[in-house]
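To start, the structure under review is shown below, and the notes come after it.
Reminder, nothing fancy here: chain letters follow the sequence lines and each chain counts from 1.
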Number of protein chains: 2
Amino acid sequence: MARRSDHSREQIQQMALDAARDIVARDGYTGLSARKVAKTIGYTVGTLYLVFANLDELVMRANAQTLDALYETMLATKARCKNARACIMALGRAYIRFASENTHLWGMIYEHPLPDRDAIPDWYRERVARNLALVEDTLQPLAKNTSAQELAVAARALWGGVHGICILALTNKLDVVGAASVPALVESLIDNYLKGLTANRQR
Amino acid sequence: MARRSDHSREQIQQMALDAARDIVARDGYTGLSARKVAKTIGYTVGTLYLVFANLDELVMRANAQTLDALYETMLATKARCKNARACIMALGRAYIRFASENTHLWGMIYEHPLPDRDAIPDWYRERVARNLALVEDTLQPLAKNTSAQELAVAARALWGGVHGICILALTNKLDVVGAASVPALVESLIDNYLKGLTANRQR
DNA sequence: ATGACTATTGAACAACGTTCAATATTATGC
DNA sequence: GCATAATATTGAACGTTGTTCAATAGTCAT
């Protein structure tokens, strides 16, 4: 038996999250199980339930870490682009790249069903909001004469759109073959949407 | 025991698909199980595996029926709209409505993991292609001077985008609260994308 | 009526999430 | 240093899942 106090609760939590990350990266969301995680970190299932309420919580915390990693990537991308238009485009490409390089981890965010809106914990909601805010900020200079409300709409429409192309393409649901690459689709979406948005402003 | 030849294989298949549809509509994808389906149609699990290779196949066939229903809805929508621009917008709204009214059935299409691209059966791929072709056809008049290649890209970019907004919003992942309604987001996406697309043409 | 054929069953298996009495290990008081 | 309280950890247990397959029940041809 693992000796008591070999690791603190926090340590076990992090070990479990790391193990889950490895398992999911290798076998995907469907390959994840409580027993596999427990075995990997050298504890038994019981301990896992002492530290997490259930698998749901473990998955959500793992997803939060993935959202953090995505945020870091996008932040770094935003730091080294020129104008707003190029920045949005760079963010789109960064999103694709992240999704392609971390397919399973990124996919788990969407394969795992979330509870009802008001049951989503704040620490999770904040992660989502932070990523969206980054897009909103980047979009800001392109929409100087539009209201905050319209900016929020634009950011969500655009980002939802980018995400849609990614998820359909990466899960083989867009029949992309013979049409174009995923980046080409995303670039088309962003390019034309921004054209429309800025034309709007000048009318 | 159910008497032999009470139903043909095809009948049992359809009964199972109908049962699955009801179960999923009520309890969602996670509420679906082979035993529940079997019980509903008055047979046992064994029979289900005589008629379907596995649950995967049952789910994919159910999804194919959902894609058919979606196609019918969109076809009817396209039949009663005026110009191309209005038609694309109507299709977008029809997609949202279908997704909202059949959340669980529509959601199962995306919650259920598809096999590798080349392992997707033709009868499934055709369903996807048919829906996309409808969008492409509707988009056609707006892109007279663009190549078939560009048209394919536009249809996929736009439709992936519409889908992305829907799936994120309906699964509580877009933080829509306080921003705008889903239809508003979709309308923004379509409106601006089409503006950009047609401006492109005139340059 | 008998035998061949097959549709149908239901028990069995391994794996799943989850719980909790039992136990092993440490900390505390004397 | 020893007994006792406290608790970290276990692992068996429960009900569920997808899937398989020997056994059986029902039908058909002769």
| query | Can you check the B/Lys39 NZ to D/dT16 C1' distance for me, whole Å? | reply | 13 Å
| task | Between D/dT19, C/dT8, D/dT10, spot the one nearest the side chain of A/Thr47, thanks. | result | D/dT10
| query | Expressed in angstrom and rounded to an integer, what is the separation of A/Gln11 atom CD from D/dT9 atom P? | reply | 11 Å
| request: Write out all pairs satisfying disulfide bond (SG atoms under 2.5 Å apart) with one or both partners inside residues 30-118 of chain A, taking only residues at least two apart or from two chains. | output: A/Cys81-A/Cys87
| query | Has B/Tyr49 got a side-chain N or O lying under 4.0 Å from the OP1 or OP2 atom of D/dT19? | reply | yes
| request: When you get a sec, tell me which of C/dA7, C/dG17, D/dT9 is the closest nucleotide to the side chain of B/Arg9? | output: C/dA7
| query | Looking at residues 12-38 of chain A, who's got a heavy atom less than 4.0 Å off DNA chain D? | reply | A/Ile12, A/Arg35
| query | Is there a donor-acceptor pair closer than 3.5 Å between any side-chain N or O of A/Gln11 and the backbone N or O of A/Ser8? | reply | yes
| request: Return the nearest nucleotide to the side chain of B/Val45; candidates are C/dT18, D/dT19, D/dT10. | output: D/dT19
| Approximate separation, where rounding is to 0.5 Å, of B/Leu158 CG and A/Tyr193 OH | 12.0 Å
| Expressed in angstrom and rounded to an integer, what is the separation of B/Leu55 atom CG from D/dT17 atom P? | 10 Å
| Euclidean distance, atom CD of residue A/Glu10 to atom P of D/dA8 [Å, nearest integer] | 12 Å
| request: Measure from CD on A/Glu57 to C1' on C/dT18 and round the result to the nearest Å. | output: 14 Å
| said: Can you tell me how the ring of A/His163 sits relative to the ring of A/Tyr95, calling it parallel under 30°, perpendicular over 60° and tilted otherwise? | reply: perpendicular
| note | Separation of C/dC16 atom P from A/Asn54 atom CG, nearest Å, is 17 Å
| said: Heavy atoms from C-beta onward define the side chain here; which of C/dT9, D/dG18, D/dT10 lies closest to that of A/Tyr43? | reply: D/dT10
| note | Heavy atoms of A/Leu17 and A/Arg61 approach each other most closely as CD2-CB, 3.8 Å
| Between C/dG17, D/dT20, C/dT8, which nucleotide gets closest to the side-chain atoms of B/Leu50? | C/dT8
| field | Short side-chain donor-acceptor distance under 3.5 Å, B/Asp27 and B/His104 | value | no
| field | d(CG, B/Asp6; P, D/dG26) in whole Å | value | 11 Å
| message | If we ignore hydrogens and angles and just use 3.5 Å, is the side chain of A/Asp116 paired with the main-chain N or O of A/Asp118 as donor and acceptor? | response | no
| Whole-Å distance separating the NE2 atom of A/His112 from the P atom of C/dG17 | 11 Å
